[in-house]
Amino acid sequence: MDDLRDKYIDLIANAADEAALEDLRVQAIGKKGEISLQMRELGRMTPEERQVAGPKLNALKDEIASALAAKKEALGDAALDERLRHEWLDVTLPTRPRREGTIHPISQVTEEVTAIFADMGFKVAEGPQIESDWFNFDALNIPGHHPARAEMDTFYTHRSEGDDRPPHVLRTHTSPVQIRAMQDQGAPIRIIAPGRVYRADYDMTHTPMFHQVEGLAIDKDISMANLKWVLEEFVKAFFEVDDVELRFRASHFPFTEPSAEVDIRCSWEGGTLKVGQGDDWLEVLGSGMVHPKVLEAGNIDPNAWQGFAFGLGIDRIAMLKYGIPDLRAFFDSDLRWLRHYGFSALDVPTLRGGLSS
Ligand code: PHE
């Protein structure tokens, strides 16, 4: 019994970890452990022998059990000490500089445009980017054979075989939101609709996805004069200048009659754009008086109501205002570009608080 005792006390003292300790427990005092087997022998002894051996074996078993427990605790403490040695944290160290995210120029300019038009009573309206060809074309007086459909480089969705319905399109402009807003709200109406539009085109100034903002104002007596005033106010506020000169050029859009493209007087002296003075003209938007057929498609009576609409390229005016040369960089997600051209998330553009600063 003394040999057994010495053997196990020694093995327990040298156990490397809890798994080894558990093995020893099984070997010594488990069901078929050496000490347990000895205890079974008690039955075969004479009562006198048993009286001596019994208490001794029990004492041995207790001693081994408490040696195991003590060692287990010691191993646990050691493991904890080891973890604490590695997992320390010096809370007195200075914090790392925070990488601040920035607002993308497109988001910034969309907010600026929205703030300016909101000040003139325009609400924001929205429509889907995957649009039916009726909303994108027919309702806007662009029937099936119309050349404007081909000119727009439209992305069409796929219809499964045997499905003869016209395919949906990725909207080629924000103008379908005019129809949706008219149908939803009726007249009078005053909305802008900023959002993504799609055309299959790609170079320095074209990307297959870009952004427009649509404007629509309908009432009993809205005229081109209102359109001109609204656009002047917008351009002054947006480019943050006191005076601007707009030039209306006769143009053609199927959904407006008459139609006008609008240019802003500007100069490019020294390569930088100055809005409001100079001998150059910047083409910024398409506009006109809403065509009677478009009002009808929006369930508005063209004999009672009239109004203007315009469409403006958000990316284009963002490039102009913030001197961004290549449109494609807008969508490259290059962090260096974003940090350079991005805006602070905490400066929400407002007319009173300044748009861009
Ligand atoms: N939808 C036209 C375009 O994308 C712009 C436009 C909108 C013109 C509203 C007139 C009126 O080019």
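FYI, the numbering just counts along the sequence from 1. Bear in mind the structure is a predicted one, so any value in this text is a computation, not a measurement.
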**Student:** Would you please indicate yes or no on a ring centroid separation below 6.0 angstrom for Phe330 and His104?
**Tutor:**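 Yes: the rings meet the under 6.0 Å criterion.
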**Student:** Kindly compute the distance separating CG (Asp219) from CD1 (Ile189), expressed to the nearest 0.5 Å.
**Tutor:**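 Answer rounded to 0.5 Å: 10.5 Å.
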**Student:** For the pair Lys321 and Glu112, find out whether any cationic side-chain nitrogen is under 4.0 Å from an anionic carboxylate oxygen.
**Tutor:**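 Counted as a salt bridge, because a side-chain N and a carboxylate O are separated by less than 4.0 Å.
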**Student:** Could you go step by step and tell me if Glu34 and Lys7 meet the salt bridge (charged side-chain N to carboxylate O under 4.0 Å, His left out) rule?
**Tutor:** CA-CA 11 Å; Glu34 266 185 286; Lys7 172 176 141 194; 2.7 Å; yes
**Student:** Rounded to the nearest 0.5 Å, how far apart are NE2 of His146 and CG of Leu140?
**Tutor:**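 His146 NE2 to Leu140 CG: 11.0 Å, rounded to 0.5 Å.
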**Student:** Do Met182 and Phe122 land in one hydrophobic cluster if side-chain heavy atoms of ILVMFWY residues count as linked below 4.5 Å?
**Tutor:**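 No, Met182 and Phe122 fall in different hydrophobic clusters.
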**Student:** Return the CG to NZ distance between Asp17 and Lys71, rounded to the nearest 0.5 Å.
**Tutor:**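 Interatomic distance, Asp17 CG to Lys71 NZ, rounded to 0.5 Å: 10.0 Å.
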**Student:** Side chains of residues 301-313: which donor-acceptor partners sit under 3.5 Å, not counting sequence neighbours?
**Tutor:**
| from | atom 1 | to | atom 2 | distance (Å) |
| --- | --- | --- | --- | --- |
| Asp301 | OD1 | Asn303 | N | 2.8 |
| Gln306 | NE2 | Ile222 | O | 2.9 |

**Student:** Is the closest side-chain heavy-atom distance between Trp337 and Asp332 below 4.5 Å?
**Tutor:**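 Contact flag for Trp337/Asp332 side chains = no.
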**Student:** Using the rule that Ile, Leu, Val, Met, Phe, Trp and Tyr join whenever any side-chain heavy atoms are under 4.5 Å apart, tell me whether Val230 and Phe253 fall into a single cluster.
**Tutor:**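 As far as the 4.5 Å side-chain criterion goes, Phe253 and Val230 are not connected within one cluster.
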**Student:** Please tell me if the side chains of Ile179 and Trp134 come closer than 4.5 Å, counting only heavy atoms from C-beta onward.
**Tutor:**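 Yes, side chains in contact.
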**Student:** Would you say Phe137 and Val169 make side-chain contact, with heavy atoms under 4.5 Å?
**Tutor:**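 Touching, per the 4.5 Å side-chain cut-off.
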**Student:** Under the salt bridge (charged side-chain N to carboxylate O under 4.0 Å, His left out) criterion, do Arg199 and Asp201 qualify, and how do the steps go?
**Tutor:** CA-CA 6 Å; Arg199 292 179 202 176; Asp201 210 349; over 6 Å; no
**Student:** Would you list the atom pairs, donor with acceptor, under 3.5 Å between side chains in residues 20-28 and any protein atom, with sequence neighbours excluded?
**Tutor:**
| from | atom 1 | to | atom 2 | distance (Å) |
| --- | --- | --- | --- | --- |
| Glu22 | OE1 | Arg25 | NE | 3.2 |
| Glu22 | OE2 | Arg25 | NH2 | 2.9 |

**Student:** Hey, is the main chain of Thr174 close enough, under 3.5 Å, to the side chain of Gln212 for a donor-acceptor pair?
**Tutor:**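 Checking the backbone N and O of Thr174 against the side chain of Gln212, a donor-acceptor pair under 3.5 Å is found.
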**Student:** So, the side chain of Glu49 versus the backbone of Thr46: is there a donor-acceptor pair under 3.5 Å, distance only?
**Tutor:**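 Indeed, once roles are kept as given, a pair shorter than 3.5 Å links the two residues.
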**Student:** Tell me whether Ser223 contacts the main-chain N or O of Ala225 through its side chain, where contact means a donor paired with an acceptor under 3.5 Å.
**Tutor:**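 Answer holds: yes.
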**Student:** Hey, quick one: are Val177 and Ile142 part of the same hydrophobic cluster, counting side-chain heavy atoms closer than 4.5 Å, chains of contacts allowed?
**Tutor:**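 No, Val177 and Ile142 fall in different hydrophobic clusters.
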**Student:** Are any non-hydrogen side-chain atoms of Ile35 and Leu57 less than 4.5 angstrom apart?
**Tutor:**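 A side-chain contact under 4.5 Å exists here.
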**Student:** Are the side chain of Arg249 and the backbone N or O of Glu261 linked by a donor-acceptor pair below 3.5 Å?
**Tutor:**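 No; zero donor-acceptor contacts below 3.5 Å.
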**Student:** Does the side chain of Leu216 reach to within under 4.5 Å of the side chain of Arg190, using non-hydrogen atoms?
**Tutor:**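 Of all side-chain heavy-atom pairs linking Arg190 with Leu216, none is under 4.5 Å.
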**Student:** Taking only Lys NZ, Arg NE, NH1 and NH2, and the carboxylate oxygens of Asp or Glu, determine whether Glu245 and Arg265 approach each other closer than 4.0 Å.
**Tutor:**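 A salt bridge is present here (some side-chain N lies under 4.0 Å from a carboxylate O).
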**Student:** For the rings on His173 and Phe255, is their centre-to-centre separation under 6.0 Å?
**Tutor:**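 Ring-ring flag for His173/Phe255: true, centres closer than 6.0 Å.
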**Student:** Treating Ile, Leu, Val, Met, Phe, Trp and Tyr as nodes and any side-chain heavy-atom pair under 4.5 angstrom as an edge, say whether Ile106 and Phe238 lie in one connected cluster.
**Tutor:**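 Same cluster.
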**Student:** Quick test of your reading of the model: are Asp163 and Arg165 salt-bridged, counting only N-O distances below 4.0 Å?
**Tutor:**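 Yes, this pair counts.
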**Student:** Any side-chain heavy-atom pair from Thr110 and His211 closer than 4.5 angstrom?
**Tutor:**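 Not touching, per the 4.5 Å side-chain cut-off.
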**Student:** Between the main-chain N or O of Asp10 and the side-chain N or O of Asn14, is there a donor-acceptor pair closer than 3.5 Å?
**Tutor:**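 Confirmed, Asn14 side chain pairs with Asp10 backbone.
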**Student:** Report yes if some heavy atom in the side chain of Phe117 is under 4.5 Å from a heavy atom in the side chain of Ile191; otherwise report no.
**Tutor:**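 The answer is no; the side chains never approach within 4.5 Å.
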**Student:** Any donor and acceptor pair, going by atom type alone, linking the side chain of Thr207 with main-chain N or O of Arg328 inside 3.5 Å?
**Tutor:**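 Pair absent, no side-chain N/O of Thr207 close to backbone of Arg328.
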**Student:** Distance to the ring centre below 6.0 angstrom and angle to the axis at most 45 degrees; does that hold for Arg196 and Phe210?
**Tutor:**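 Relative to the ring axis of Phe210, which defines the angle, Arg196 lies outside at least one limit.
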**Student:** Taking atom CD of Glu82 as the centre, report whether more than 12 heavy atoms of other residues, nucleotides or ligands fall under 6.0 Å from it.
**Tutor:**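 For Glu82, atom CD is crowded (more than 12 foreign heavy atoms under 6.0 Å).
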**Student:** Charged N to carboxylate O below 4.0 Å: is that the case for Lys274 and Glu269?
**Tutor:**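 Here Lys274 does not pair with Glu269 in a salt bridge, since their nearest N and O are not under 4.0 Å apart.
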**Student:** For the pair Arg50 (side chain) and Leu42 (backbone), establish whether a donor and an acceptor sit closer than 3.5 Å, ignoring hydrogens and angles.
**Tutor:**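 Looks like yes, one N/O pair under 3.5 Å.
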**Student:** With a 6.0 Å cut-off (strictly less than), is the heavy-atom count around CD1 of Ile9, excluding the residue itself, greater than 12?
**Tutor:**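 Yes, enclosed.
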**Student:** Inspect the surroundings of CG in Asp2 and state if more than 12 heavy atoms from other residues, nucleotides or ligands are less than 6.0 Å away.
**Tutor:**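 Not buried by this count: 12 neighbours or fewer within 6.0 Å.
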**Student:** Could you check whether Lys236 pairs with Asp242 (Lys NZ or Arg NE/NH1/NH2 to Asp/Glu carboxylate O, under 4.0 Å)?
**Tutor:**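 Result for this pair is no, no salt bridge flagged.
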**Student:** Quick check against the 3.5 Å criterion: does Ser132 have a side-chain atom that pairs as donor or acceptor with the backbone of His168?
**Tutor:**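 No; zero donor-acceptor contacts below 3.5 Å.
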**Student:** I'd like to check Asp315 versus Phe331 (side-chain heavy atoms, cut-off strictly below 4.5 Å). Are they in contact?
**Tutor:**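 The answer is yes, as the side chains (C-beta and beyond) meet within the 4.5 Å cut-off.
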**Student:** Tell me whether the NZ or CZ atom of Arg180 lies within the 45° cone about the ring axis of Phe135 and under 6.0 Å from its centre.
**Tutor:**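 Judged by the rule, Arg180 and Phe135 form a cation-pi pair.
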**Student:** List, one per line, each side-chain donor-acceptor pair under 3.5 Å for residues 276-298, sequence neighbours excluded.
**Tutor:**
| from | atom 1 | to | atom 2 | distance (Å) |
| --- | --- | --- | --- | --- |
| Ser287 | OG | Ala260 | O | 3.0 |
| His291 | ND1 | Lys293 | N | 3.0 |

**Student:** Counting N and O atoms only, with roles assigned by atom type, does the side chain of Ser36 sit under 3.5 Å from a partner on the main chain of Lys32, one being a donor and the other an acceptor?
**Tutor:**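 Side chain of Ser36 to backbone of Lys32: no pair is present.
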